[in-house]
Amino acid sequence: MLDPKLLRNDPERVAGKLLIKGYVFDVAKFKAMEERRKALQIDTQELQSIRNQKSKQIGQAKAQGQEIESLKAEMDRLAQDLKDKQQQFDGLQEELNNWLAEMPNIPHESVPAGDSEAQNTVIHTWGEPKSFAFEVKDHVDLGEHLQLLDFESAAKITGSRFTIMQGQLAQLHRALIQFMLDMHTRAHGYTEIYVPYIVNSDSLRGTGNLPKFGEDLFQLKTDSEYYLIPTAEVPVTNMWRDQIASAEQLPIKYVCHSPCFRSEAGSYGRDTRGLIRQHQFEKVELVQLVHPDHSWQAFAELTSHAEAVLQALALPYRSMTLCGGDLGFSSAKTIDLEVWLPAQDTYREISSCSNFLDFQARRMKARWKGHEGKPQLLHTLNGSGLAVGRTLVAILENYQQADGSIEVPKALVNYMHGTTEISI
RNA sequence: GGAGAGUUGGCAGAGUGGUCGAAUGCGGUGGUCUUGAAAACCAUUGACGGUUGAUCCCGUCCGGGGGUUCGAAUCCCUCACUCUCCGCCA
């Protein structure tokens, strides 16, 4: 949520910045609503004040045994006025809040203009795409050739966009998770955390997935409004909803492995082949809640932590600054890491690192407080470190050998109990 | 699934219709004392919003929502959550 004060003070400037994200903000309508809100609020509060005074009078009069019926009659009229005003005020306030809840975060000034992926800018590339002396296969062919990857059975059991892994491939998948968790806890100072994979709607509102993006989520058919998590970001960040951290607790750094569930509504026909876009996938997520003065530094660090995984696995990648139009709803700035996929002859997203500033924190009232002064909003950040399924794709394709076997990356050999190659 | 007890400020915990935004303790902050620190003692200390140059001031908030009343932390309804006991079960 944006700061309501910022909107009131300079709506034109906010409107200009939101346009970078492709969001049209009706300033005139906002100003008119704000003016009415202000008038209604002042009126309502004045009536409340009078009511409180009169009530006290009645109490005193009664204590002294005086007649109170005439005072009560006066209160009846007042109460009716108050009720009307209050209803108008509440209604308008709700309307404003709903509007505010649908407004995206303001992009940081360093975010390039643009309305699609094509305008994202390359920050740097790392590693050289390997040249193969044979015709490369994609991960689907490789996995099915090894008889360790099975989309057909998954489609039978559930439907499209699910998969089954077996044997050493399932093991490699699990090894990746262990490897990533170990790196982030041991080398990067994150606390490992295990969380529910089902969340309520308040949590989804906190991170900004609701009210606008409900169609991307799987909702459970229960009496409670429960959803499967689209990412661990939701439960992990919401740990601090309605909480006040002390200055000593900052920065708060969590790493969390979880499955992620996405409906992928609106992406029919895209990436239908293989593991790239699944309804269910595993991710190791990095989440930080930090002092507002340090969030850009934390952002750089968090991004480097995700990159460290790719580097340790010797997977070529590039990092991209997302342009305004490609930027997520809650994010002020996002850097995507894209891994090289030889079979697609292109880079594909494998991690997305974002700084939300106080946008999520305001929605979920996640605050911190020093020894002096008032509680202040935290800044929240997160990034994939990494998307496990896509990392597996990258390893299969980048480490494939002429006979269709897969070399196990050196960093993972210990996690595979010494296995150096996956073959039939 | 059955029976019962709870949910109050950063934390613990009083408060059952009218100066209660709320005793008290802990914690925080400032001070006295001390060479310094600790202890002790004194003072101070909720959040959000409106208004303001800033105070003052005003409003809202005692799990969420609704109701009764001139007036609700306190009474009623409802929902959520927590805990205890019994039953069942990974």
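Chain naming here is simple, since letters A, B, ... match the order of the sequence lines and numbering starts at 1 in each. Computed from heavy atoms alone, side chains included, the values below leave out hydrogens, waters and symmetry copies.
Between A:Lys38 and A:Gln243, it is A:Gln243 whose nearest contact on RNA chain B lies nearer the 5' terminus. Residues A:Arg8 and A:Arg367 each lie close to RNA chain B; by heavy-atom proximity, the contact nearer the 5' end of the strand is made by A:Arg367.
Among pairs with a residue in residues 254-281 of chain A, those fulfilling salt bridge (charged side-chain N to carboxylate O under 4.0 Å, His left out) read A:Asp138-A:Arg273, A:Asp141-A:Arg273, A:Glu264-A:Arg277, A:Asp271-A:Arg277, A:Asp271-A:Arg348, at least two apart in sequence or across chains. Among residue pairs with one or both ends in residues 349-361 of chain A, those qualifying as salt bridge (charged side-chain N to carboxylate O under 4.0 Å, His left out) are A:Asp358-A:Arg362; sequence neighbours excluded. Evaluation of the salt bridge (charged side-chain N to carboxylate O under 4.0 Å, His left out) test over residues 285-300 of chain A, restricted to residues two or more places apart or in two chains, returns A:Lys283-A:Glu285. For residues 146-174 of chain A, no residue pair satisfies the salt bridge (charged side-chain N to carboxylate O under 4.0 Å, His left out) rule, not counting sequence neighbours.
Sparse packing is recorded around OH of A:Tyr226, with 12 or fewer heavy atoms of other residues, nucleotides or ligands lying under 6.0 Å away.
Between A:Phe89 atom CZ and B:rG49 atom P there is a gap of 12 Å when expressed in whole angstrom units. Between A:Ile42 atom CD1 and B:rG50 atom C1' the separation is 7 Å, expressed in whole Å. Atoms NZ (A:Lys369) and C1' (B:rC48) sit 15 Å apart, rounded to a whole Å. The separation between A:Asp90 atom CG and B:rG50 atom C1' is 15 Å, rounded to whole Å.
Relative orientation of the A:Phe359 and A:Phe329 rings is perpendicular, given thresholds of 30° and 60° on the angle between their planes.
In this structure, the ring pair (Phe, Tyr, Trp, His ring centres under 6.0 Å) partners of A:His188, at least two apart in sequence or on a different chain, are A:His184, A:His305. Checked against side chain to side chain donor-acceptor pair (under 3.5 Å), A:His108 has the following partners two or more places apart in sequence or in another chain: A:Ser110.
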Using Watson-Crick and G-U wobble pairs whose two distances are both under 3.5 Å, how do you write the pairing of RNA chain B as dot-bracket, with | for links to another strand? ((((((((.[[[..)..(.....]]]((((((.......))))))(((((......))))).[[[[[..)....]]]]])))))))....

Which pairs would a plain distance check flag for residues 23-30 of chain A, meaning a side-chain donor or acceptor within less than 3.5 Å of a matching protein atom at least two apart in sequence or in another chain?
| from | atom 1 | to | atom 2 | distance (Å) |
| --- | --- | --- | --- | --- |
| A:Tyr23 | OH | A:Trp99 | NE1 | 3.4 |
| A:Asp26 | OD1 | A:Ala28 | N | 3.4 |
| A:Asp26 | OD1 | A:Lys29 | N | 3.1 |

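For A:Lys374 and B:rA47, the shortest distance from a side-chain N or O to OP1 or OP2 is below 4.0 Å.
Across all strands shown, A:Arg77 has no heavy atoms under 4.0 Å from either base or sugar-phosphate atoms.
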Reading nucleotides 58-76 of chain B 5' to 3', which nucleotides get B (base under 4.0 Å from a protein heavy atom), which S (sugar-phosphate only), which -? BSS---------BS-----

